[in-house]
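The next block holds one structure in the form of structure tokens; read it before the comments.
Computed from a prediction, not measured in an experiment: that's the story for all the values here.
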Amino acid sequence: MPLIEITALPLRTVVEPSAVCAEVNAAVAAAIGCRPDAVWTTWRTITGADVRGSSVGALVDADHGPIVHLYLKRTPEETALVCRAIEEVLARTLGLDPASVFITIQPVDATPGGE
């Protein structure tokens with residue numbers, strides 16, 4: 001089950017984060033051929049400082065795109081498909097270049113008991 005954590009500054013456009021999360025789930029499920037209810041996405045809005053280099057961000061933009069932490073156990077090819085799906089949805093819904101989305105990947109062993 002992929003777990004996706006999106007952290008972003010307040011949005012410039014009127015977009016409902018829960019709707020974006022639902023779109024991410026659907027896109028990821030389609031990309032790797034799993035059930036949509038097997039994909040879990042959370043959204044956190046940054047209320048404090050967001051500084052990239054010396055650039056201080058107040059709203060999501062090209063320099064201060066969303067930060068995504070991705071936890072999953074998939075092949076490298078499937079992981080790339082998941083990242084592409086996330087980038088495409090966030091770029092389209094937030095009006096950003098896909099390169100503005102920063103994704104970290106954490107492989108996990110999601111089986112009970114670690115087996």
Side-chain angles (χ1 to χ4, degrees):
M1 171 172 74
L3 168 61
I4 302 152
E5 297 177 337
I6 300 169
T7 304
L9 286 165
L11 302 173
R12 290 182 177 279
T13 59
V14 178
V15 177
E16 179 55 46
S18 60
V20 176
C21 290
E23 285 193 48
V24 166
N25 289 353
V28 167
I32 58 175
C34 73
R35 298 181 335 268
D37 65 339
V39 184
W40 184 7
T41 300
T42 63
W43 183 291
R44 291 182 186 87
T45 300
I46 298 171
T47 57
D50 181 277
V51 181
R52 181 175 175 191
S54 61
S55 172
V56 177
L59 299 172
V60 167
D61 62 21
D63 291 329
H64 298 274
I67 300 165
V68 179
H69 300 294
L70 173 61
Y71 304 86
L72 77 169
K73 181 179 182 181
R74 294 288 175 157
T75 66
E77 295 78 16
E78 290 172 317
T79 299
L81 291 172
V82 168
C83 289
R84 189 171 309 116
I86 293 168
E87 289 171 344
E88 288 173 357
V89 169
L90 293 178
R92 180 177 41 77
T93 59
L94 304 180
L96 299 171
D97 183 308
S100 299
V101 180
F102 183 81
I103 301 177
T104 66
I105 302 165
Q106 177 62 53
V108 296
D109 185 355
T111 57
E115 299 175 8

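Note on V60 and W43: same hydrophobic cluster, where clusters join Ile, Leu, Val, Met, Phe, Trp and Tyr whose side-chain heavy atoms are under 4.5 Å apart, directly or indirectly. A chain of hydrophobic side-chain contacts below 4.5 Å, direct or via other Ile, Leu, Val, Met, Phe, Trp or Tyr residues, connects L96 to L11. Under the 4.5 Å side-chain contact rule for hydrophobic residues, V28 and M1 do not share a cluster. Connection of I105 to V68 is established within a shared hydrophobic cluster, with ILVMFWY side chains joined at heavy-atom distances below 4.5 Å, either directly or through further cluster members.
For the residue pair A31 and A85, the shortest heavy atom distance occurs at CB-CB, 4.2 Å.
Residues meeting the side-chain contact (heavy atoms from CB on, under 4.5 Å) test with P10, sequence neighbours left out: T45, L59. In terms of the side-chain contact (heavy atoms from CB on, under 4.5 Å) criterion, residue partners of I46 (sequence neighbours excluded) are, by chain and number, T7, L9, D50. Residues satisfying the side-chain hydrogen bond (donor to acceptor under 3.5 Å, both in side chains) test with E16, not counting sequence neighbours, are S18. A search for salt bridge (charged side-chain N to carboxylate O under 4.0 Å, His left out) contacts involving R44 returns nothing, not counting sequence neighbours. Considering only residues two or more places apart in sequence or on other chains, S54 meets the side-chain hydrogen bond (donor to acceptor under 3.5 Å, both in side chains) condition with none of them. Applying the side-chain contact (heavy atoms from CB on, under 4.5 Å) test to P98 and every residue at least two apart in sequence or in another chain returns E87, A91. Partners of T47 according to the side-chain contact (heavy atoms from CB on, under 4.5 Å) rule, which considers only residues two or more places apart in sequence or in another chain, do not exist here.
Between the CG atom in L70 and the SG atom in C83 there is a gap of 5.5 Å [rounded to 0.5 Å]. Rounding to the nearest 0.5 angstrom, the gap separating the CD atom in E78 from the SG atom in C34 is 9.0 Å. To the nearest 0.5 angstrom, I32 atom CD1 is 9.0 Å from T75 atom OG1.
Of the candidates T42, V39, L72, I103, I4 forms a side chain to side chain contact (heavy atoms under 4.5 Å, CB included) with just one, namely V39.
Applying the under-4.5 Å side-chain rule to Ile, Leu, Val, Met, Phe, Trp and Tyr, the cluster around F102 extends to I67. Clustering of Ile, Leu, Val, Met, Phe, Trp and Tyr side chains at separations under 4.5 Å leaves V14 isolated, with no partner residue.
Applying the side-chain hydrogen bond (donor to acceptor under 3.5 Å, both in side chains) test to pairs two or more places apart or on separate chains, those with a residue in residues 94-108 are H69-T104. Contacts classified as side-chain hydrogen bond (donor to acceptor under 3.5 Å, both in side chains) and involving residues 27-40 (residues at least two apart or in different chains) are given here: R35-D37. Applying the side-chain hydrogen bond (donor to acceptor under 3.5 Å, both in side chains) test to every pair with at least one member in residues 20-30, sequence neighbours left out, gives these pairs: E23-R92, N25-T41.
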